[in-house]
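Being a predicted model, the structure only gives us computed values, none of them experimental.
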Amino acid sequence: MSMKIYNTLTKQKEEFVPIEPGKVRMYVCGPTVYNLIHIGNARPMIVFDTVRRYMEHKGLEVNYVSNFTDVDDKIIKKAIEEGVDSSVISERYIAECKKDMAAMNVKPATTHPLATQEIGGMLEMIQTLIDKGHAYAAADGTVYFRTRSFEGYGKLSHKNLDDLQGGNRSLLVSGEDQKEDALDFVLWKPKKDGEPYWEAPWCNGRPGWHIECSVMSKRYLGDEIDIHAGGEDLVFPHHENEIAQSEACNGKTFSRYWMHNAFLNIDNKKMSKSLGNFFTVRDISEKYDLQVLRFFMLSAHYRSPLNFSAELMDAAKNGYERIVTCVDNLKYLMENVTAADMTEAEMALAEESKGYVVKFDEAMDDDFNTADAIAAIFELVKFINTNASANSSKAFLEALKAEVVMLSDICGLIVDKQEDVLDAEIEKLIEERQAAKKEKNFARADEIRDELLAKGIALKDTREGVKIVRL
């Protein structure tokens, strides 16, 4: 069965055929780092990490790029409130975000670009758009994209250009009356007192929000990519504007497939601080293992709205623990069995168990239906609980364990809990980080911290020394 993806662009499932055989170029919009990530941020992180894992399981090489927006009005506001540079805020919350991602077993991206490190590319793209007549500089130096100059505008969101209003989610600036058309959106905006800025031909200032992803995708993945993904709130105007910028600049199709996850509600209401139902991932970690949050996020199809509640999280906890208990039981049985090789009856059962792997693959091939994929894991667990016993051979038990662990791992679910023993490689990295900090080589210390997070090891600096935490 071929892998099919629901493409927001065409509103239908399509067979996935990568631009380059065997390789996937995938861009996922990351968070704006002004606070701890909330559970709404967690859904696309978990969903598209699982998409990536399944593709890698199928033998595809995935170049996975996910950005951090580290210059933004909210970041600047928080920096002013704290009396620090905006980079202090963004660096703090990038580090916290990576901790939460590791705790949710979200793999680090191939590249995590930062908006502030890609300004040169943004200036180049903006100048190209001006040269091609797709953008213009207003009297105060604000640069706008001529929305009507791009013939395909609206093709992703399926909106009629003439019906659209100008009040979209572009970064608002003074001088809106300078626009040639109400639908034009900001590419570059003038600096304000006390805000970070960069020199540019039009004015000293900073980029609009939409341009950063077009530039980072182009730099790290090329003019054309296979998959662009994010939450459904990004379809318009963010992703629509990305298409306009990228295709107007490069003259090529920006992305072949567009994937969007649906919203997450809290007790059937939109998550909002004003309603008192706003939860960060860190909040949830105080009550649940974040593997439970991951299990919960995958319990529904990614394009279906998902309702978060204490009752549903408790159900997810029970479901996750059911798989972990199955694996623990297999490990216990393996420690006490006497027979090594499979009997003929066990060989037949082992062959039968592969049918659940096929069911899992069929679910994932059908637009990454993780709800049905997890149902297949549960069927396998039931099969194991029925057929594994103290009289089983070690080879049979190992085969069953390998299957359930493999399928869980594709979902990013850690079900084979290892002993909390550090191996030599991890101990060496920890020692190297300590040495780097003493030498004030903080860049290398941060690199090592990220490497350890990817391995499920968090380091917490305390008065008593470094505390090692298994995530």
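- A salt bridge links D416 with K331: at least one charged nitrogen is closer than 4.0 Å to a carboxylate oxygen.
- A heavy-atom distance below 4.5 Å is not found between the side chains of L333 and K394.
- Between D366 and K4 there is no salt bridge, since none of the side-chain N atoms of the basic residue sits less than 4.0 Å from a carboxylate O of the acidic one.
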Handout entry: Worked check of side chain to side chain donor-acceptor pair (under 3.5 Å) between D367 and Y302
Key = CA-CA 9 Å; D367 191 33; Y302 75 91; 2.6 Å; yes

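- Within the structure, the side-chain hydrogen bond (donor to acceptor under 3.5 Å, both in side chains) test picks out the following pairs touching residues 249-259 (sequence neighbours left out): K218-N250.
- For R322, there are no salt bridge (charged side-chain N to carboxylate O under 4.0 Å, His left out) partners at least two apart in sequence or on another chain.
- Residues satisfying the side chain to side chain contact (heavy atoms under 4.5 Å, CB included) test with S408, not counting sequence neighbours, are I323, I377, V404, L413, V415.
- The aromatic rings of F278 and H38 sit perpendicular, their planes meeting at an angle over 60°, well past the 30° parallel limit.
- Heavy atoms only, all atoms of each residue included: A109 and S66 are closest at CB-N, 3.9 Å.
- Applying the side-chain hydrogen bond (donor to acceptor under 3.5 Å, both in side chains) test to pairs two or more places apart or on separate chains, those with a residue in residues 342-353 are E346-S393, E351-K354, S353-E403.
- Under the 4.5 Å side-chain criterion, counting only non-hydrogen atoms from C-beta, I89 is in contact with R92.
- Looking at M297 and L293, their side chains come closer than 4.5 Å, going by heavy atoms from C-beta outward.
- No hydrogens or angles considered: a donor-acceptor pair under 3.5 Å links the side chains of D365 and Y54.
- Note on R219 versus E124: no salt bridge recorded, every NZ/NE/NH1/NH2 to OD/OE distance being 4.0 Å or above.
- Residues satisfying the side chain to side chain contact (heavy atoms under 4.5 Å, CB included) criterion with C249, sequence neighbours excluded, are M125, T128, L129.
- With sequence neighbours excluded, no residue forms a ring pair (Phe, Tyr, Trp, His ring centres under 6.0 Å) with Y64.
- Ring pair H228/Y27 is tilted by interplanar angle, where 30° to 60° counts as tilted.
- Among residues two or more places apart in sequence or in another chain, the ring pair (Phe, Tyr, Trp, His ring centres under 6.0 Å) test is passed with H301 by none.
- Ring geometry for H238 against W209 counts as parallel: the plane angle stays under 30°, on a 0 to 90° scale with 60° as the upper cut.
- Y6 carries R303 over the face of its six-membered ring, with the cationic atom under 6.0 Å from the centre and within 45° of the normal.
- Taking the side chain as every heavy atom from C-beta outward, K99 and R282 approach each other to under 4.5 Å.
- Considering only residues two or more places apart in sequence or on other chains, E311 meets the side chain to side chain contact (heavy atoms under 4.5 Å, CB included) condition with S309.
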Handout entry: side chain to side chain contact (heavy atoms under 4.5 Å, CB included) assessment of I243 paired with K155
Key = CA-CA 9 Å; I243 290 174; K155 62 184 178 180; 3.6 Å; yes

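- With rounding to the nearest 0.5 angstrom, the SG atom of C411 is 10.5 Å from the CD atom of Q291.
- Annotation: Y332, atom OH; neighbour count of heavy atoms from other residues, nucleotides and ligands within 6.0 Å does not exceed 12.
- Side chains of D73 and Y34: no donor on one and acceptor on the other come within 3.5 Å.
- Applying the salt bridge (charged side-chain N to carboxylate O under 4.0 Å, His left out) rule to K159 yields no partners; only residues at least two apart in sequence or on another chain are considered.
- The pair E379-K382 does not count as a salt bridge, with every side-chain nitrogen at least 4.0 angstrom from each carboxylate oxygen.
- Rounding to the nearest 0.5 angstrom, the gap separating the CD atom in E432 from the CD atom in E451 is 7.5 Å.
- Only one option out of R25, E118, H112 pairs with Y220 in a side-chain hydrogen bond (donor to acceptor under 3.5 Å, both in side chains); it is E118.
- For the residue pair N67 / E212, a side-chain donor-acceptor distance below 3.5 Å is found, with atom types taken as modelled.
- Separation of the H210 and H239 ring centroids does not fall under the 6.0 Å cut-off.
- The shortest distance between side-chain heavy atoms of M55 and F16 falls below 4.5 Å.
- Looking at heavy atoms from C-beta onward, I5 lies in side-chain contact with M259 at the 4.5 angstrom threshold.
- The pair K317-D314 does not count as a salt bridge, with every side-chain nitrogen at least 4.0 angstrom from each carboxylate oxygen.
- A search for ring pair (Phe, Tyr, Trp, His ring centres under 6.0 Å) contacts involving Y93 returns nothing, not counting sequence neighbours.
- For N63, the side chain to side chain contact (heavy atoms under 4.5 Å, CB included) partners are V65, T110, L221, not counting sequence neighbours.
- One N or O on the side chain of T280 and one on the backbone of D283 form a donor-acceptor pair closer than 3.5 Å.
- Inter-residue side-chain proximity for R444 and R433 is flagged as unmet; no heavy-atom pair is nearer than 4.5 Å.
- At a threshold of 4.5 Å between non-hydrogen side-chain atoms, the residues I266 and I39 count as touching.
- Atom NZ of K359 is surrounded by 12 or fewer heavy atoms from other residues, nucleotides or ligands within 6.0 Å.
- Legend: residues meeting ring pair (Phe, Tyr, Trp, His ring centres under 6.0 Å) with F296, ordered by chain and number and at least two apart, are F308.
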